[in-house]
K.L.:
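The structure is given below, and queries will be raised subsequently.
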Amino acid sequence: MRVGWIGLGAMGAPMAARIAGAGFETVVWNRTPSVAADHAERHGTHAVSFEQVARADVVFSCLPTTTEVIHIIDGVTERSEPDAVWVDCTSGDPRDVRAIVDRLEARGFRYLDAPVSGMTRGAEAGELTVMVGGPRRAFDKAEPLMRTFGDRVFLLGPNGSGYLMKALNNMLFALNFWASAEALACLSDHRVDPVLALEVLNASSGGSNVTRRFVGSEVLSADPTPAFRLGQLVKDVDIAAAILRARPVPPPLLGYTRDLYHRLLDLAGTEADARGAFGAVQEVHG
Ligand code: NDP
């Protein structure tokens with residue numbers, strides 16, 4: 001089976017490397033060609049033209065938003081081989097699913113939305129969580145490939161389920177991140193060492209996956225991995241908020257979280273890292 005990969009960014013590069021490392025023939029394409037050439041040299045993939053990458057048996061994309069995904073698909077020509085599958089690992093917008101399905105079906109692909117959670121570190125270690133929406137037949141074909149970078153791969157329902165799951169996951173991440181920043185700031189004000197406070201939270205009922213797996217390594221650590229960008233998180237918060245707002249009674253807490261994060265974005269900027277965003281949470285209330 002020939003695998004194609006489009007988008008070798010912070011997530012796409014290690015995910016494509018895991019597929020190649022598992023022995024699958026992997027061809028890659030990136031908007032900036034030197035990135036693909038470098039990937040090929042380091043990871044045993046093959047840098048090819050856009051036309052060639054789109055002719056693989058299973059094509060993966062991992063781009064900033066579904067807007068770029070739709071734009072990319074518009075450049076793909078119709079194929080005649082049966083059973084091709086397109087797996088989009090972008091943290092995308094479920095409201096774009098119809099446009100993607102229509103475009104991919106017209107070009108001869110079945111489609112899975114398959115965003116991931118676990119950051120670059122998780123991708124490198126093959127320990128991502130993969131949230132998949134789409135038809136079972138396409139899932140069965142792509143699952144062995146997704147298992148090279150994800151140790152938990154879930155088929156959640158029809159197309160769009162994966163994007164929706166990811167957006168709500170990141171909304172909850174945002175909520176927990178904010179609450180952790182407020183709690184640790186308060187403890188610091190009262191001269192409780194944040195490292196010690198985090199240890200207590202992580203051994204107690206107030207701890208969460210955010211305090212256990214993120215705040216220590218990405219905020220308090222002297223050597224964080226550059227995995228977090230505030231703008232990327234707010235993109236997912238916005239997707240979740242738009243869907244929640246459409247409910248008959250919009251949930252107040254999650255709607256409020258969106259407003260808080262837009263104030264944070266004004267203050268800290270889209271490129272703020274985890275430490276910068278964590279610190280800026282205090283200023284929002286200053
Ligand atoms: P990056 O910004 O690191 O990479 C983006 C990739 O998309 C690059 O390969 C870039 O190419 C390409 N690209 C951007 N715009 C276009 C375009 N118009 N046409 C073609 N290619 C384009 O993003 P990440 O890898 O961090 O994120 C990718 C997705 O994964 C996002 O949806 C993100 O929310 C999600 N995600 C990110 C995580 C993280 O920790 N970073 C964790 C989990 C999910 P070029 O090299 O030319 O710029």
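For ligands, and for the atoms within them, numbers begin at 1 and follow the listed sequence.
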K.L.:
Below a 4.0 angstrom heavy-atom separation, can you tell me which part of Met11, side chain or backbone, both or neither, approaches ligand 1?
P.N.:
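Both backbone and side chain of Met11 come within 4.0 Å of ligand 1.
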K.L.:
Among all the protein's non-hydrogen atoms, which is closest to atom 29 (C) of ligand 1, and how far away is it?
P.N.:
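So the nearest neighbour among protein heavy atoms is Leu63 O, 3.4 Å.
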K.L.:
To which protein heavy atom is atom 40 (O) of ligand 1 closest, and what is the distance rounded to 0.1 Å?
P.N.:
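The closest one turns out to be Ala227 O, 3.0 Å.
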K.L.:
Could you tell me which atoms of ligand 1, counted from 1 in the order shown, lie closer than 4.0 angstrom to a heavy atom of Lys235?
P.N.:
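Result: 31 (C), 32 (O), 33 (C), 34 (O).
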K.L.:
Examine the proximity of ligand 1 to Pro64 and report which part, side chain or backbone, both or neither, has a heavy atom under 4.0 Å away.
P.N.:
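For Pro64, backbone and side-chain atoms both sit under 4.0 Å from ligand 1.
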K.L.:
For Phe154, enumerate each residue passing the ring-ring contact (aromatic ring centres under 6.0 Å, His included) test, keeping only those at least two apart in sequence or located in another chain.
P.N.:
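For Phe154, no residue satisfies ring-ring contact (aromatic ring centres under 6.0 Å, His included) once neighbours in sequence are set aside.
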K.L.:
Could you see which bit of Arg31 sits under 4.0 Å from ligand 1, with heavy atoms only: side chain, backbone, both or neither?
P.N.:
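It is both parts that get close, each with some atom under 4.0 Å.
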K.L.:
Can you check whether Lys235 reaches Thr65 side chain to side chain, under 4.5 Å on heavy atoms?
P.N.:
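With C-beta onward as the side chain, the pair touches.
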K.L.:
At under 4.0 Å between heavy atoms, is it the side chain or the backbone of His71 that contacts ligand 1, or both, or neither?
P.N.:
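Under 4.0 Å from ligand 1, His71 contributes no heavy atoms.
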K.L.:
From the options Lys166, Arg229, Glu218, Glu68, select the one whose nearest heavy atom is closest to atom 2 (O) of ligand 1.
P.N.:
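Of the listed residues, Arg229 has the closest heavy atom.
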K.L.:
Which one holds for Asn30 and ligand 1: side chain close, backbone close, both close, or neither close, with close meaning a heavy atom under 4.0 Å?
P.N.:
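Looking at Asn30 and ligand 1, just side chain atoms fall under 4.0 Å.
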K.L.:
Should you measure from each heavy atom of Leu8, which atoms of ligand 1 turn up under 4.0 Å away?
P.N.:
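Within the 4.0 Å cut-off of Leu8, ligand 1 contributes 9 (O).
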K.L.:
How about Asp223 and Ser221: does a side-chain donor come under 3.5 Å of a side-chain acceptor?
P.N.:
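Judged by distance alone, the side chains do not pair up.
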K.L.:
Show the atom names and distances, to 0.1 Å, of all donor-acceptor pairs under 3.5 Å that link a side chain in residues 16-26 to residues at least two apart or in another chain.
P.N.:
residue : atom : partner : partner atom : Å
Arg18   : NE   : Thr148  : O            : 2.8
Arg18   : NH1  : Glu124  : O            : 3.1
Arg18   : NH2  : Thr148  : O            : 3.3
Glu25   : OE2  : Arg2    : NE           : 3.1
Glu25   : OE2  : Arg2    : NH2          : 3.3
Thr26   : OG1  : Phe24   : O            : 2.8

K.L.:
May I ask you to decide if the ring planes of Tyr261 and Trp178 are parallel, tilted or perpendicular, using 30° and 60° as cut-offs?
P.N.:
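Tyr261 vs Trp178 ring planes: perpendicular.
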K.L.:
Tell me which protein heavy atom sits closest to atom 27 (O) of ligand 1, plus the residue, atom name and distance to 0.1 Å.
P.N.:
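Result: Gln232 NE2, 3.3 Å.
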K.L.:
Among all protein heavy atoms, pick out the one at the shortest distance from atom 4 (O) of ligand 1; state its residue, atom name and that distance to 0.1 Å.
P.N.:
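Nearest protein contact, heavy atoms only, for atom 4 (O) of ligand 1 is Gly9 CA, 3.3 Å.
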K.L.:
Return a yes/no value for Ser91: is any of its N or O atoms, backbone included, closer than 3.5 angstrom to an N or O of ligand 1?
P.N.:
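Between Ser91 and ligand 1 (N or O atoms, distance only) the closest approach is under 3.5 Å.
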K.L.:
Between Tyr111 and Tyr163, what is the ring plane arrangement, given parallel below 30°, perpendicular above 60°, and tilted in between?
P.N.:
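Geometry flag for Tyr163 against Tyr111: tilted rings.
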